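Residue numbers start from 1 in every chain, and the chains themselves are labelled A, B, ... in the order their sequence lines are given, proteins ahead of strands. The analysis underlying the following values was restricted to heavy atoms, covering all of them including side chains, and did not include hydrogens, waters or symmetry mates. Please read all numbers here as calculations on a predicted model, not as lab measurements.
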Amino acid sequence: MIRNSLMALGLATTMGAAAMADDLPVLNVYTYDSFVSEWGPGPRVEQAFEATCGCDLKFTAVGDGAALLARIQLEGERTAADVVLGLDTNLTAQAAPLFAPHDVSADLDLPVAWDDPLFLPFDWGWFAFVYDTTRLASPPRSFRDLIDSDLSVVIEDPRSSTPGLGLLMWVKAAYGDEAPAIWRALAPRILTVTPGWSEAYGLFLEGEADMVLSYTTSPAYHLIADNDATKAAARFDEGHYLQVEVAGIVAGTDQPDLAHRFMEFMVSDAVQSVIPETNWMYPAVMPADGINPGFDAMIQPAPSLLFSAAEAEALRDPALAEWRDALAQ
Amino acid sequence: MRWRSDPPGAAGAAAVVAAILLVLNLGALGMVASRAEGWGGWSAADGAALRFTLWQALLSAVFSVAMAVPVARALARRRFPGRGALIVLMGAPFILPVLVAVIGLLAVLGRNGLVNDLLALAGLPRVSIYGLHGVVLAHVFFNLPLATRLILQGWLAIPAERFRLAAALGFGPGDVARVLERPMLRETVPGAFLVVFVLCLTSFAVALALGGGPRATTVELAIYQAFRFDFDLGKAALLALVQVALAGAAALVALRLTLPAELGPGFDRTVTRWDATAPGLRAQDAVLIALATLFLALPLAMIALNGLAALATLPASIWTATLRSLAVALVSTALTLALALPIAALAVRRKARIVEALGMLTIAASPLVVGTGLFVLLFPLIDPGKVALGVTALVNAAMALPFALRALTPALAAIEADYGRLADGLGLTGPARLRLLWLPRLRRPLGFAAGLAAALSMGDLGVVAMFASPEGGTLPLALYRLMAAYRMDDAAGAALVLLAASLALFWIFDRGGRLDADA
């Protein structure tokens with residue numbers, strides 16, 4: 001039995017290697033885990049790119065955006081990565097020294113102007129508090145509304161989760177120096193702080209909390225995939241903070257041409273039409289055929305809030321300290 | 001002293017095992033530190049995290065062990081239908097991925113859980129599980145069964161002849177407790193306490209999900225933050241070192257408090273407890289067993305209930321991931337036993353508790369730091385994706401080692417104390433001693449250790465997440481991928497598969513160790 005299982009183990013570990021048996025050039029793309037799962041965009045992106053590139057596209061999946069950043073930093077200049085997918089603007093400043101300009105000009109459909117020479121957006125979304133319309137008839141219309149309510153929310157920890165960090169930036173962008181006071185007032189509304197998005201969303205779906213920090217597009221999943229129209233995102237008057245997910249070419253890549261082609265491919269219709277119903281985010285470039293009309297039912301927040309990468313990096317530690325002090329009381 | 005009966009190469013084997021453990025623990029830590037650019041400072045927030053970590057671990061260990069002693073006693077002196085199944089079930093919470101267990105727990109104790117629904121029906125206010133008490137409650141849920149099992153092993157190790165003699169001497173329950181049970185508890189309780197304490201030291205997900213906010217910050221979370229957001233490897237290593245030091249200090253205290261019980265050998269007869277037949281004691285034990293069963297089984301039943309609907313339509317990838325996880329679990333189990341036996345032998349025959357303590361440190365090692373350290377070590381040599389499952393099996397084996405040692409070392413000590421001289425006299429050395437004396441008499445703790453190792457490995461998410469290629473994930477990783485894709489119903493189905501597979505593994509090994517034995 002042991003020997004059989006050892007063989008099974010050997011088999012399982014070599015299966016990944018079998019794909020690279022022939023001599024095609026290999027493009028190594030690092031991304032976060034849910035991107036490459038069978039429900040994410042990964043498999044379709046790989047199939048479509050390999051159909052034209054004459055190459056082997058090899059994904060390496062690493063936790064979430066923050067884990068991805070740590071992994072690239074850990075591998076440093078020896079990294080095998082040619083392209084990295086899935087950092088967001090709260091993380092790119094720290095990663096910038098490892099990346100090279102992408103030289104791709106795309107007609108981006110973002111709610112904000114974009115001119116970063118290193119990082120190219122491939123999707124985006126607004127953070128929002130999602131609720132269940134059967135349990136909550138009149139959702140709060142602002143952070144102050146939420147503070148005055150008796151609702152309970154689940155949020156993610158900014159120290160271990162990218163949406164958690166997004167909320168930190170959202171409050172900072174909307175309230176600036178008032179942010180600590182907002183957090184102190186919000187504290188009684190926060191049921192708990194989870195390590196990641198999955199835990200928070202799971203708690204919300206189990207009915208533990210009235211609202212959860214997620215995205216304005218989360219209800220689109222329930223609507224389109226489950227035909228369930230009971231989930232909605234609350235539109236806040238302060239505006240909503242953006243998450244812009246970007247792709248970048250690693251400076252030390254040994255496949256600069258392939259990497260460049262892949263970056264162009266990421267903003268092409270082939271990928272952009274897949275993004276909405278696999279990653280449940282908005283495409284960075286609207287595909288020619290548009291996107292599933294289910295997305296029309298989603299709220300359209302305004303204004304869109306977003307710090308530049310440099311601002312986000314500078315603000316992170318002080319904002320984190322404010323958050324911790326406010327909630328630890 | 002003369003150890004002419006040492007199995008050949010035992011010391012060598014133990015040295016190899018110790019070296020592996022050192023690499024896994026301190027080596028990994030060192031590798032992380034070697035990549036550090038300066039040492040991050042110790043902040044006030046880290047101090048607060050440290051205090052919370054210690055406090056919740058202490059409370060969790062106190063409650064787990066305090067409740068485990070009466071439950072283990074009740075299980076030790078009662079026979080009832082379903083007792084074997086209950087004991088197997090006791091392994092379940094401990095081996096579940098934290099997230100799955102927490103969701104089961106919330107189905108019972110959460111805002112819309114059974115308990116709160118009952119309270120509401122009775123017109124009482126709902127209670128909230130979130131806060132320090134929630135963290136401790138979840139830790140007790142995880143660790144009460146483990147502590148019970150460890151202490152129950154102690155009870156089962158008291159030979160039936162002692163109870164027979166006690167009955168002949170007219171001992172009441174009080175006398176039995178004083179003469180037989182307390183010395184046994186002095187031997188087992190510090191170890192059980194230590195295991196729970198150290199496990200709770202490295203807690204991260206429970207504290208975060210149920211802690212209610214940043215007050216409930218553990219050192220492990222601080223490591224997470226230092227590594228992932230600040231990329232401050234020096235600080236991550238420093239914090240990990242603090243964690244190991246805490247566990248080391250706890251281990252020293254516990255080992256100091258441990259007194260060997262000298263109960264003498266027996267003939268492995270079925271234990272009949274003439275001292276515990278009073279109706280009051282029967283009722284007390286029945287209530288204790290019923291409460292413990294409810295506390296443990298209800299959340300598990302809720303997990304099963306939630307997952308049942310999705311079971312038939314689970315994506316095929318879940319089943320391949322399950323097979324992969326089973327393979328890893330079996331390899332990891334074999335490794336655990338191969339690592340544990342030499343250490344146990346050395347610990348017993350040379351009284352070298354330091355080796356045992358080294359094994360204990362493995363559970364205090366931050367999974368993130370071990371994973372990162374191994375990554376730094378292997379990355380220049382080989383594509384990490386290719387060794388993902390092998391590394392996972394090895395790290396899981398090291399994780400399970402302390403539990404295997406807790407089960408094996410006292411049992412082996414008892415064997416050597418009782419039969420060592422006889423075996424020496426017979427010239428029973430080397431492999432013959434292993435085959436004729438140790439293995440047959442160690443079958444029960446070996447089965448338990450193998451069961452735990454297999455199930456622990458089945459449910460572990462630690463290292464594989466760092467190494468796995470997209471198509472090579474284990475079942476816990478697949479479960480997280482389902483959740484990240486909003487597929488919470490499928491995830492509930494996968495959680496049920498994981499629960500069932502872990503329990504089945506545990507049951508097969510544990511049962512195998514107890515075939516034709518009445519326990």
Can you find a heavy atom in the side chain of [X] that is under 4.5 Å from one in the side chain of [Y]?
X: A:Glu206; Y: B:Asn112; result: no
X: B:Tyr224; Y: A:Pro195; result: no
X: A:Ser37; Y: B:Tyr480; result: no
X: B:Arg111; Y: A:Asp210; result: yes

Counting heavy-atom pairs under 4.5 Å with chain B, which one of [options] comes out on top?
options: A:Ala67, A:Gly202, A:Ser34; value: A:Ala67
options: A:Leu69, A:Asn90, A:Leu191; value: A:Leu191
options: A:Ala80, A:Ala225, A:Ser218, A:Ser152; value: A:Ser218

Part of [X] lying under 4.5 Å from any heavy atom of chain B:
X: A:Ser214; answer: side chain
X: A:Pro158; answer: backbone
X: A:Asp317; answer: side chain
X: A:Leu205; answer: side chain
X: A:Ala200; answer: neither
X: A:Thr278; answer: neither
X: A:Leu320; answer: side chain

Please rank B:Ala478, B:Gly113, B:Ser128, B:Pro315 by heavy-atom pairs under 4.5 Å with chain A and give me the top one.
B:Pro315

At a heavy-atom distance under 4.5 Å, which candidate from B:Gly131, B:Ala484, B:Ala48 has the highest pair count against chain A?
B:Ala484

With rounding to the nearest 0.5 angstrom, report the [atom1] to [atom2] distance, [X] to [Y].
X: B:Ile129; Y: A:Glu208; atom1: CD1; atom2: CD; answer: 7.5 Å
X: A:Trp39; Y: B:Arg481; atom1: CH2; atom2: CZ; answer: 8.5 Å
X: A:Glu38; Y: B:Leu482; atom1: CD; atom2: CG; answer: 7.5 Å

Neighbour count >12 (heavy atoms, 6.0 Å) for atom CD, A:Gln47:
no

Between the side chains of B:Thr217 and A:Arg324, does any donor sit under 3.5 Å from an acceptor?
no

List the atom of A:Trp197, the atom of B:Met483, and the distance in Å for their closest heavy-atom pair.
CZ3-O, 3.3 Å

Just to verify, which of A:Val193, A:Val154, A:Leu203 counts as forming a side-chain contact (heavy atoms from CB on, under 4.5 Å) with B:Tyr130?
A:Leu203

Contacting moiety of B:Ile103, where chain A heavy atoms sit under 4.5 Å
side chain

Indicate the ring-plane relationship of A:Trp280 and B:Tyr486, choosing parallel, tilted or perpendicular according to the 30° and 60° boundaries.
perpendicular

